[in-house]
Amino acid sequence: MTTPIVVQIVVDKPLPQGFDYLWDEARLGCLPQIGHIVEIPFGRGKEVGIVTKVSAHSEYEFDKLRSIEKIAPLPLLDGALLKLMNFASQYYVHALGETIMPSIPKMWRKSEDWDKIPKKLESAAKKKAKEKNGEFVEGYITADQLNQEQSNALESLVGEANKQKNGFRAILMQGQTGSGKTAVFLNWLASILQDETAQVLLLVPEINLTPQLERRVRAYFPNEILAVLHSGVTEKERGVAWYEAMTGKARIILGTRLAALTPIPNLRAIVVDEEHDPSYKQQEGTRYSARDLAIWRAHDQKIPILLSSATPSLETWMAAKAGRYEYLRLDQRAQGALLPKVHLVNSRDPQNQFSPGDKNSPKTKSLITKTLANAISKNLEVGKQSLILINRRGYAPVLSCNACTWLSVCTQCSSHMVMHKAGALGKKSVLSCHHCGLVKPIPSFCPDCGNADLKTLGQGTQKLEDAIEEMWPNARVLRVDTDSSRKSKGAETLFQEIHDGKVDIVVGTQMIAKGHDYQNIGLVAVLDADSRLYSPDFRAAERLFAQLVQVAGRAGRSGTDGQEGGDIYIETQYPEAAVYQYLLRHDVDGFLSHTAREREEAQLPPYSYQGLIHAEGKTLDKAIQFLSGLKGRLKNKGLLSKELRVYDPVPKAVMRVAGSERAQLVIESESRKLLQEVLELIDQDLRADSQGRISKTSRIRWLIERDPIAI
Ligand code: ADP
Ligand code: ZN
Ligand code: ZN
């Protein structure tokens, strides 16, 4: 009798261990290999899992083991990818199976559909053959057309002098919006792809940036198959793209954070565009940073990685300053346009406000000050477009009663329900909770006192749109937010209307500001910038600064006359705040140095490393008790010290969501290694009394997060 073959399988469950199964070579038609995707019987059902070990032994009796049912019609997950997954699983303290499995497209995780797959691939290939690449040529700048600064940058990436540097390189390319960074990295990737087997990975933030960049990439590589992976593609498209990446057919993999975990056997270079963008951080399941994993992957595979941004994250910028990363700078705007002029409008100053007696004073009250209104009128007169940003979608952030203290609070969350006007979320006006999604009709009377006089407080995009239509009745106004783009037209159609000059004033959320290359914007206004400074998160200012620089980059991109810098207006009650003062001078490095000093004094990241323990349950008390209990045990083990700081548990900023109450505990250390050890210890400690990640005694759902970006 031959010795049975035992394989270890991991599945998408929060279980630290794998499971042993028997491999019947005769039945399955081949020997097992690490990286095989297989179907297994699991409990009373089936699961799809990955082979992570092959041996002739098991701790269990062979006749107790069950057998592998089927093998997926797919190549193996390659060794380099599994190594990356192992690292991610360990670093982010999540099971290997629950790290790998969600990165595999759904289409491949349904074993009952495996038989149909060859057919699906065939039809997708036929469809693709009809598609044409390279018809769209905006932004197609060849290597000879690069300006001096860009050529220098490209030279240091590809030049002879660097040929010897074969292997891992991390490079920060910092340059203001419009300085031609994209043109540089696309030319760099083109030179790498001259090697006919090479594949490259281009990561972009979520999501409305992708179509534009995709067109540009297609213009550069008319004959290449692109694997496009983001939340906007269908499951089937994603399945096919992933397959084409793992078989080497697609040589360019373009996608959002999940794409960082794609199997790419011949990966030769990685670009992370807008590397500072918070959307690179996964906020559920294994909470990885796609940028950080991409850097690890480049290091492990000994290939170069380019991080591109106008406002690098403090982490990356400090690494470049310290010489750990190479540092490329683009300091001019490629098409010669000037930087926009920044105006800080002090909204507390009466001179900037409409006064009650003013005959121009609009009936619809809004956040638009008189100073800003005048500037918008002037901008209209010269035939330029204005972009007005407010961070709140909906009509008004809260509805209130005029007679008592009633406010439209969500019954399931500790947050207000936002009023949306008819047409946005339904036929009638509604109240909607942006945290749990609950939608309710607008009450005709106050639920507390019966008063019929309900009024709105504050303003969102819809109310602002009304105010603008009243103030400039002849202007063509367009609102861009997730409501308007969900309704009839997709975001792309709305952006196209701006491009085509069909609108004069655009009002919208941050969504308008990302990466789009509008040509005729003369003025950009930000109305509620301060609201983002109130956040308790220590990264609030860094994030606001990055957003404002992005936004400013929308103004004056016009290259035709090469002169117009455009204007950006920021309404604020705190014009003296550092974030605005550095913005006024377009001083990105100054702001980052300033921020670095603040973080150093407070020993906050990147001067220390953090872990976050989340706890969620029926009541806040229970969640806090659960975390206090954990802290107590850490203390008893003698783990609390100056080197390892464990803070007291606190309620989360939005404490109640969808009926659960939530608390968190921050752990901080200057030593990555120490933090890692303690997080692993906590994982063991909590698992001892848990089923999955739910505590058996207190029914608290818990989660460990490494390097949180929002606290
Ligand atoms: P970034 O990525 O830094 O925002 P882009 O590469 O998108 O910059 O360039 C901004 C604009 O300038 C684009 O419209 C691009 O086509 C154009 N551009 C870039 N490089 C050049 C160049 N060397 N000559 C002329 N136009 C350029
Ligand atoms: Zn009332
Ligand atoms: Zn809610």
Side-chain angles (χ1 to χ4, degrees), residues 136-154 173-189 202 204 209 212-213 215-217 219-220 271-275 306-312 328-337 398-418 431-440 443-455 499 513-519 549-550 552-554 556-560 562 654-662:
F136 195 89
V137 287
E138 179 192 315
Y140 182 71
I141 307 286
T142 61
D144 324 323
Q145 290 167 318
L146 297 178
N147 64 31
Q148 195 57 47
E149 254 187 352
Q150 289 172 309
S151 306
N152 293 348
L154 184 63
M173 179 160 66
Q174 180 182 339
Q176 47 184 285
T177 42
S179 60
K181 300 183 292 299
T182 311
V184 172
F185 69 64
L186 288 178
N187 277 292
W188 177 50
L189 295 180
L202 173 48
V204 292
L209 209 60
Q212 211 200 12
L213 190 59
R215 282 197 294 267
R216 258 175 104 171
V217 172
Y220 273 82
V271 171
V272 185
D273 195 15
E274 309 289 355
E275 67 86 29
L306 178 74
L307 309 167
S308 175
S309 176
T311 50
L328 302 177
R329 301 281 302 227
L330 298 183
D331 286 320
Q332 293 155 14
R333 289 186 116 175
Q335 295 175 323
V398 58
L399 193 65
S400 74
C401 170
N402 247 351
C404 74
T405 55
W406 179 82
L407 293 172
S408 55
V409 172
C410 176
T411 46
Q412 308 197 66
C413 310
S414 53
S415 69
H416 293 130
M417 292 190 87
V418 179
L431 291 174
S432 142
C433 171
H434 291 184
H435 291 283
C436 71
L438 185 70
V439 175
K440 278 188 176 175
S444 322
F445 302 96
C446 168
D448 282 0
C449 76
N451 168 33
D453 186 13
L454 301 178
K455 67 168 197 283
H499 274 285
K514 279 204 174 167
H516 275 267
D517 211 357
Y518 308 118
Q519 294 297 320
V549 170
Q550 270 288 339
R554 297 316 111 203
R557 282 185 80 118
S558 155
T560 38
V654 180
M655 187 271 286
R656 228 161 89 88
V657 168
S660 298
E661 305 203 340
R662 315 179 309 160

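Order of appearance sets the numbers: ligands from 1, and atoms from 1 within every ligand. Below, each value reflects all heavy atoms present in this structure, side chains not excepted, and no hydrogens, waters or symmetry copies. Keep in mind that what you see is a predicted model, and the values were worked out from it rather than measured.
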Restricting to heavy atoms, the pick from Q519, Q174, Q150, K181 nearest atom 23 (N) of ligand 1 would be Q150
Hey, are the side chains of Q150 and N187 touching, using non-hydrogen atoms and a 4.5 Å cut-off? no
Give yes or no for whether the N/O distance cutoff of 3.5 Å, strictly under, is met between T177 and ligand 1. no
Is C401 close to D448 at the side-chain level, that is, under 4.5 Å between some pair of heavy atoms? no
Residue L146 vicinity, atoms of ligand 1 by number, heavy atom under 4.0 Å: 23 (N)
Residue-level breakdown please: for R216 versus ligand 1, do any non-hydrogen atoms fall below 4.0 Å on the side chain, on the backbone, on both, or on neither? side chain
Which of the atoms of ligand 1 are close to N147, meaning less than 4.0 Å from one of its heavy atoms? 23 (N)
Calculate, to the nearest 0.5 Å, the distance between atoms OG and CG belonging to S408 and L431 respectively. 5.0 Å
Heavy-atom side-chain contact between C449 and W406 under 4.5 Å: no
Using side-chain heavy atoms (C-beta onward) and a distance below 4.5 Å, is S179 in contact with D331? no
What distance do L186 atom CG and L213 atom CG have between them, rounded to the nearest 0.5 Å? 6.0 Å
Which of the numbered atoms in ligand 1 are below 4.0 angstrom from a heavy atom of Q176? 3 (O)
Heavy-atom proximity to atom 8 (O) of ligand 1, best of A143, A183, A310, G180: G180
What part of T182, side chain, backbone, both or neither, has a heavy atom within less than 4.0 angstrom of ligand 1? both
Non-hydrogen side-chain atoms of L328 and V184 separated by less than 4.5 Å: no
Please confirm if an N, O or S atom belonging to C410, backbone or side chain, lies less than 2.8 Å from the Zn ion (ligand 3). yes
In this structure, the Zn ion (ligand 3) sits at the vertex of an angle between SG of C436 and SG of C413 that rounds to 10° as 110°
Sort by chain and number the protein N/O/S atoms found under 2.8 Å from the Zn ion (ligand 2). C401 SG, C404 SG, C446 SG, C449 SG
Is G178 in polar range of ligand 1, meaning some N or O pair under 3.5 Å apart? yes
Report the distance from atom NE2 of H435 to atom SG of C413, rounding to the nearest 0.5 Å. 7.0 Å
Let me confirm one number: the CD-CG distance from Q174 to L307, rounded to the nearest 0.5 Å. 11.5 Å
Does the side chain of Q148 pick up a donor-acceptor pair with the side chain of S151 at under 3.5 Å? no
To the nearest 0.5 Å, how far apart are CG in L154 and CD in E149? 13.5 Å
